Visitor: 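Have a look at this one.
Being a predicted model, the structure only gives us computed values, none of them experimental. Sequence positions, counted from 1, serve as the residue numbers for this chain.
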Amino acid sequence: MFKQRKGLRKLGMGIKSAVIAAGLLGALQAVPAYADSVHTAKNGDTFYFLAKQYGVNLDKLMKANPSIEATNIYEGLKITIPGQNMQALSVSGSEAQPLSTLKVLTADRVVQAWGKSFNYKSTVKVKATAYSAAASENGKWGPVDYYGNPLKLGTIAVDPNVIPMGTKVLVTGHSHPDLPKNAFVATATDQGGAIKGNRIDIFIPASPQKVNEFGFQDVTLYVLD
């Protein structure tokens with residue numbers, strides 16, 4: 001906000017001084033304010049699309065959002081737009097799109113979620129639990145996956161005899177406020193002693209108390225090509 005200079009508040013100023021002050025105020029207001037801001041994702045948004053929309057460098061945009069996987073951009077997700085004109089970020093409510101439902105095209109082996117299409121080669125029904133980054137849940141290794149990478153949204157622990165390590169899947173059928181609705185992309189990069197057979201453990205970036213609300217859920221995995 002424009003702050004008046006101390007001298008401009010003195011009594012007895014002439015009309016000329018008032019005109020000068022008004023001119024300064026107008027000039028400052030005409031300069032666009034560039035600063036980081038937040039974009040609320042809509043169906044179909046991608047980092048590439050947003051970089052074009054806001055005129056920012058794609059690499060800079062992705063670095064400003066290190067915790068967001070490019071494949072997990074869904075409606076309602078908050079995305080930082082670095083060094084962007086604040087006025088350019090205003091979006092009218094009429095532009096908001098309803099949350100897309102999951103759509104499966106079995107004949108084409110395609111599953112659609114939040115404006116994106118994924119080719120899949122098989123489906124696996126599993127019993128899912130969830131875990132947090134708490135030390136009590138990760139033993140001496142700390143909050144990292146099997147390969148030593150930091151736990152993040154999209155990390156799942158699996159039985160490698162059922163789901164090979166490194167497999168990418170679309171997780172569907174889950175329900176938890178700290179997970180994307182309807183579906184999210186995950187990679188099998190973790191294991192656990194209790195994860196045997198058709199079981200997975202989903203990492204949720206939330207407190208242990210909130211993660212415990214997940215309980216046991218029946219979910220369907222679409223194994224992606």
Side-chain angles (χ1 to χ4, degrees), residues 38-54 56-82 97-106 108-126 128 130-131 133 143-158 160 163-191 200-206 211 214 217 219-225:
V38 176
H39 170 90
T40 301
K42 303 186 297 297
N43 291 335
D45 278 353
T46 63
F47 279 133
Y48 177 80
F49 172 80
L50 294 176
K52 293 293 185 182
Q53 178 179 346
Y54 292 116
V56 299
N57 178 271
L58 178 60
D59 288 338
K60 188 175 180 181
L61 176 62
M62 296 180 72
K63 288 179 180 178
N65 298 276
S67 63
I68 299 177
E69 290 289 330
T71 51
N72 275 332
I73 297 178
Y74 55 92
E75 183 174 3
L77 183 66
K78 304 300 181 184
I79 300 175
T80 298
I81 307 297
Q97 302 178 21
L99 185 67
S100 65
T101 56
L102 193 71
K103 185 176 182 180
V104 182
L105 308 176
T106 307
D108 298 323
R109 288 191 175 277
V110 171
V111 57
Q112 298 176 337
W114 19 270
K116 298 181 177 66
S117 295
F118 303 90
N119 296 314
Y120 71 93
K121 51 190 175 183
S122 62
T123 61
V124 183
K125 293 186 180 297
V126 298
Y131 65 114
V144 296
D145 64 17
Y146 182 79
Y147 299 104
N149 300 309
L151 298 174
K152 60 184 177 181
L153 176 62
T155 298
I156 57 172
V158 301
I163 301 173
M165 296 294 285
T167 300
K168 281 190 174 295
V169 299
L170 190 71
V171 182
T172 69
H174 58 280
S175 176
H176 193 277
D178 291 294
L179 289 175
K181 293 181 180 178
N182 296 326
F184 67 96
V185 176
T187 306
T189 59
D190 209 359
Q191 299 180 23
I200 66 169
D201 209 12
I202 300 171
F203 172 71
I204 298 180
V211 172
F214 187 92
Q217 298 185 23
V219 304
T220 299
L221 308 179
Y222 290 83
V223 181
L224 303 180
D225 288 337

Visitor: How close do Gly76 and Thr40 get, heavy atom to heavy atom, and via which atoms?
Guide: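 Reported closest heavy-atom pair: CA-CG2, 3.8 Å.
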
Visitor: How are the rings of Tyr131 and Phe203 set relative to one another: parallel (under 30°), tilted (30 to 60°) or perpendicular (over 60°)?
Guide: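 Rings of Tyr131 and Phe203: perpendicular, over 60°.
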
Visitor: From Lys103 NZ over to Asn182 CG, what is the distance, rounded to the nearest 0.5 angstrom?
Guide: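 Between atom NZ of Lys103 and atom CG of Asn182 there are 14.0 Å.
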
Visitor: Is the closest side-chain heavy-atom distance between Tyr222 and Val110 below 4.5 Å?
Guide: no

Visitor: Restricting to non-hydrogen atoms, name the atom on Ala130 and the atom on Asp201 that form the minimum distance, rounded to 0.1 Å.
Guide: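 Looking at all heavy atoms of both residues, the shortest contact is N-OD1, 3.1 Å.
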
Visitor: What's the shortest heavy-atom distance between Leu61 and Pro82, and which atoms?
Guide: CD1-CD, 3.8 Å

Visitor: Excluding sequence neighbours, so at least two apart, what forms side-chain hydrogen bond (donor to acceptor under 3.5 Å, both in side chains) with Asp178?
Guide: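 Expected list: Lys210.
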
Visitor: Would Tyr120 and Thr106 count as a side chain to side chain contact (heavy atoms under 4.5 Å, CB included) if you check the C-alpha gap in whole Å, the side-chain angles of each, and the deciding distance to 0.1 Å?
Guide: CA-CA 9 Å; Tyr120 71 93; Thr106 307; 4.2 Å; yes

Visitor: Okay, side chain of Lys116, backbone of Ile73: is any donor-acceptor separation there less than 3.5 Å?
Guide: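 Here the side-chain-to-backbone pair exists.
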
Visitor: Measure the spacing between NE2 of His176 and CD of Gln217 and express it to the nearest 0.5 Å.
Guide: 8.0 Å

Visitor: Quick check for you: to the nearest 0.5 Å, what is the distance between Leu221 atom CG and Ile200 atom CD1?
Guide: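 It comes to 4.5 Å.
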
Visitor: I need the Asp190 CG to Leu151 CG distance, nearest 0.5 Å.
Guide: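 Asp190 atom CG to Leu151 atom CG measures 6.0 Å (nearest 0.5 Å).
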
Visitor: For the pair Asn65 (side chain) and Thr80 (backbone), establish whether a donor and an acceptor sit closer than 3.5 Å, ignoring hydrogens and angles.
Guide: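 Yes: the side chain of Asn65 pairs with the backbone of Thr80.
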
Visitor: Within the distance-only criterion (no hydrogens, no angle test), does the side chain of Thr172 pair as donor or acceptor with the backbone N or O of Ala183 below 3.5 angstrom?
Guide: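 Absent.
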
Visitor: Taking C-beta and beyond as the side chain, do Phe214 and Ile204 meet within less than 4.5 Å on heavy atoms?
Guide: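 SC-SC contact between Phe214 and Ile204 confirmed.
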
Visitor: Could you check whether Phe184 and His174 have their ring centres less than 6.0 Å apart?
Guide: yes

Visitor: Determine the minimum heavy-atom distance between Met165 and Thr189, stating which atoms define it.
Guide: CE-C, 3.5 Å

Visitor: Tell me if the CZ atom of Phe118 is crowded by more than 12 foreign heavy atoms within 6.0 Å.
Guide: yes

Visitor: Using modelled atom types and a 3.5 Å cut-off, is there a donor and acceptor pairing between side-chain atoms of Asn72 and backbone atoms of Ile68?
Guide: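 The answer is no, because no donor-acceptor pair under 3.5 Å joins these two groups.
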
Visitor: Taking all heavy atoms of Ile156 and all of Ala186, pick out the closest pair and write down the distance.
Guide: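 The pair with the smallest heavy-atom distance is CG2-CB, 3.7 Å.
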
Visitor: Looking at Leu224, Asp108, Asp225, which one forms a side chain to side chain contact (heavy atoms under 4.5 Å, CB included) with Asn119?
Guide: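 One option only clears the test, and that one is Asp225.
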
Visitor: Please report the interatomic distance NZ(Lys63) to CG(Leu58), rounded to the nearest 0.5 Å.
Guide: 10.5 Å

Visitor: So, for Leu153 and Glu69, which heavy atoms are closest and what is the spacing to 0.1 Å?
Guide: O-CG, 4.1 Å

